[in-house]
Amino acid sequence: MSLTPRALGMDVPMTRRDFFDGIAVSCVAGAGNAAPKLLDPPGPLTVRGDTSEALSVPHALRDGRFWAHAGPAVPTGESYDLVVVGGGRGGRGAAAEWLRRHPAASVLLLDNHETFDDHETLEEPGTWETAGFDAVMCDEESFGADTLVSTATPGWIDRLPIARRARRDLRALHEDPPDWFPGTTAEGRLERLAGLTYSAFLREVCGAHPDAERFCRTMSSAEWGYDTRAFGAIDAWGTGYPGFAGLGLSRAEPSRYNSPTVRRHWHGRPPATAAPALDGRARMRAGSPVVSVRNGPASATVAYFDGHQVRTVEAGAVILACWSAVVPYLLPGLPAARRRALRQAARVPLLEATVRLRDPGAWRRLGVRSVRWTGAYWCATAFTPPDTVRMLATPCRSELGPAAGSVAGRKELLMTPYETLEHTVRGQLARLLGPAGFDPGGGIAAITIHRWGHALAPEYCRPWHAFYPDGPFPSEAARGRFGRIAIAGSDAEPAARGEAALKAALRAVEELAP
């Protein structure tokens, strides 16, 4: 289906459109070599999250442009027992634990985002799809035309618009897969799976038709931020993907090769751990990206940019609960080995859209709850009563692997115009709901796009990390005390989900304990 921008309602005013952007621009007016800022779309605009402003200072530090234009630092005269860099779950967890141990302590949190609420959409990314998908859109990007198939009804594989042999292969994978590794021990079978991605398993081991692999490709995207070309076969087995029943592997315990997240969720996903409430016990400064942290004989000096100039505060201790990749630019005195380890932490980009419908009747007539797309820009769509549609996009270039694919996908994401994002949201909703009577021009009341260039913390997994599970891990080399400074953040743990950020925060507090 191809609709004009006017038919999609691109010229229809909405009550609110929030675009969460991540374009790298200069931190101060007149700085050279800055990436161009994309023009804001017409109409009301609220920019939050990984915005141009939030990323401008970190990117200027990375590119060596910041200090040439920032001017001298101005002391505030303020002194704190603890300064925390990063206001997410880990940063707030570190502040709360410090105050639990030292109730009278003075604590300051600094964050580059405009509000601390910006972190809330990422408190437990990947969980919105836990109920599973009850339909798949075999889309035109993958198979030449859009065909919605409900997977909740018997015989659904026979209705897929794929090659006959591909349907046969999918039935075998789901219903009666053979023993792919005859004569191999259980440990040998697990080792074979640990050396493959799920897509490679389907192609090279199962000999599945290309249409069958293409149909399965986005099965991992909503949970992991990348598709099965990067998702390990050992974790696909651990998560219950089709094709492994014939191997006869015990389901009593996970494999040692399973990633930390799969191991932790083996017997069911634990509840998300909420960020601790500080209840006014700590000062919090949003829109204040930290640009330097220095150890001193009596205290550490923390410099941050307040939007006009660099300001400094003194701290008895500092916890860096920010992205690990930023730390080397804040602490140039770090040993080279720690700097290399910190820079290996490439976070996975994500986009989440929330669309409020004027009339949700079309979705109800569709008769499904959530839809996985096989190749379109937004890979998942789900309805939340009474009138909201949530959408997820995973920009990672999965064919390159989780780390390199995240870097490449983030670069593409940061240069994607706002208009393109709005057009893809409207276009995919028109394709999905149009047959049920939906009008994308007048049927959308508001679109909110959360744009996160640095969303999911990296996780060690096979086949990409040969050192896993025996170590040593880069996170272990990266973290630890450095004078009055400790490095926390979920990047500092080998597991990227759940309690990782809080675990890192508690460890950092303990490292700084007198």
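The basis for the numbers below is simple: all heavy atoms, side chains too, and nothing from hydrogens, waters or symmetry mates. In this text, all values refer to a predicted model and were calculated from it rather than measured experimentally.
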message = Determine whether V425 and E422 satisfy the following criterion, side-chain contact (heavy atoms from CB on, under 4.5 Å), listing intermediate values before the conclusion.
response = CA-CA 5 Å; V425 167; E422 182 182 354; 5.7 Å; no

inquiry  = Please evaluate residues W224 and L456 with respect to the criterion side-chain contact (heavy atoms from CB on, under 4.5 Å), reporting the C-alpha separation (whole Å), side-chain torsions for both, the decisive distance (0.1 Å), and the verdict.
reply    = CA-CA 8 Å; W224 293 86; L456 297 176; 5.7 Å; no

ask   = Yes or no on side-chain contact (heavy atoms from CB on, under 4.5 Å) for F133 and V371, after CA distance, side-chain angles and deciding distance?
value = CA-CA 6 Å; F133 298 103; V371 180; 5.6 Å; no

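Partners of E187 according to the salt bridge (Lys or Arg N to Asp or Glu O under 4.0 Å) rule, which considers only residues two or more places apart in sequence or in another chain, do not exist here. W373 is linked by a ring pair (Phe, Tyr, Trp, His ring centres under 6.0 Å) to nothing, counting only residues two or more places apart in sequence or in another chain. For A200, the side-chain contact (heavy atoms from CB on, under 4.5 Å) partners two or more places apart in sequence, or in a different chain, are L196, T197, R203, E204. Checked against salt bridge (Lys or Arg N to Asp or Glu O under 4.0 Å), R171 has the following partners two or more places apart in sequence or in another chain: D158. The salt bridge (Lys or Arg N to Asp or Glu O under 4.0 Å) check on D134 picks up R369, with sequence neighbours excluded. Take H465 and apply the ring pair (Phe, Tyr, Trp, His ring centres under 6.0 Å) test, not counting sequence neighbours, and it matches Y460, F467. Residues satisfying the ring pair (Phe, Tyr, Trp, His ring centres under 6.0 Å) test with W378, not counting sequence neighbours, are none.
For the salt bridge (Lys or Arg N to Asp or Glu O under 4.0 Å) condition, the pairs that include at least one residue of residues 205-216, sequence neighbours left out, are E213-R217. For residues 340-349, every residue pair satisfying the side chain to side chain donor-acceptor pair (under 3.5 Å) rule, not counting sequence neighbours, is listed here: R347-D491. Residues in residues 467-478 take part in these salt bridge (Lys or Arg N to Asp or Glu O under 4.0 Å) pairs, two or more places apart or across chains: R256-D470. Sorted by first and then second residue, the pairs that involve residues 173-182 and meet side chain to side chain donor-acceptor pair (under 3.5 Å), not counting sequence neighbours, are D179-R189.
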Enumerate, atom names and distances included, each donor-acceptor pair closer than 3.5 Å involving a side-chain atom of residues 237-246, sequence neighbours excluded.
residue : atom : partner : partner atom : Å
T239    : OG1  : D235    : O            : 2.5
Y241    : OH   : M219    : O            : 3.3
Y241    : OH   : S220    : N            : 3.4

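Looking only at distances, no side-chain donor or acceptor of D227 sits under 3.5 Å from a matching main-chain atom of T218. Without hydrogens or angle criteria, S221 side chain to A393 main chain gives no donor-acceptor distance under 3.5 Å. No side-chain donor-acceptor contact under 3.5 Å links S142 to the backbone of C138. Within the 3.5 Å criterion, the main-chain N or O of A60 finds no donor-acceptor partner in the side chain of D63. Of the possible polar contacts, one joining the R426 side chain to the P440 backbone as a donor-acceptor pair under 3.5 Å is found. The main-chain N or O of D139 is found under 3.5 Å from a side-chain atom of T374 such that the two form a donor-acceptor pair. In this structure, R358 contributes its side chain and G442 its backbone to a donor-acceptor pair below 3.5 Å. Listed for the T394 side chain is no donor-acceptor partner under 3.5 Å among the backbone atoms of C396. At distances below 3.5 Å, not a single donor-acceptor pair connects side-chain atoms of T153 with backbone N or O atoms of W156.
When every heavy atom of S324 is checked against every heavy atom of A492, the shortest pair comes out as OG-N, 4.2 Å.
A distance of 7.5 Å separates CG in L190 from OH in Y257, rounded to the nearest 0.5 Å.
For R410 and E412, the salt-bridge test fails: no basic side-chain N is under 4.0 Å from an acidic carboxylate O. Salt bridge annotation for E253-R263: absent, with no cationic side-chain nitrogen under 4.0 angstrom from a carboxylate oxygen. One finds a salt bridge joining E141 and R431 here, because a Lys/Arg side-chain nitrogen approaches an Asp/Glu carboxylate oxygen to under 4.0 Å.
Note: F201 and Y198 have parallel aromatic rings, judged against thresholds of 30 and 60 degrees for the angle between ring planes.
Residue-environment remark: CZ (R251) exceeds the threshold of 12 foreign heavy atoms within 6.0 Å.
Stacking of R364 on the aromatic ring of F383 is not recorded, the 6.0 Å distance cut-off and the 45° axial limit not both being met.
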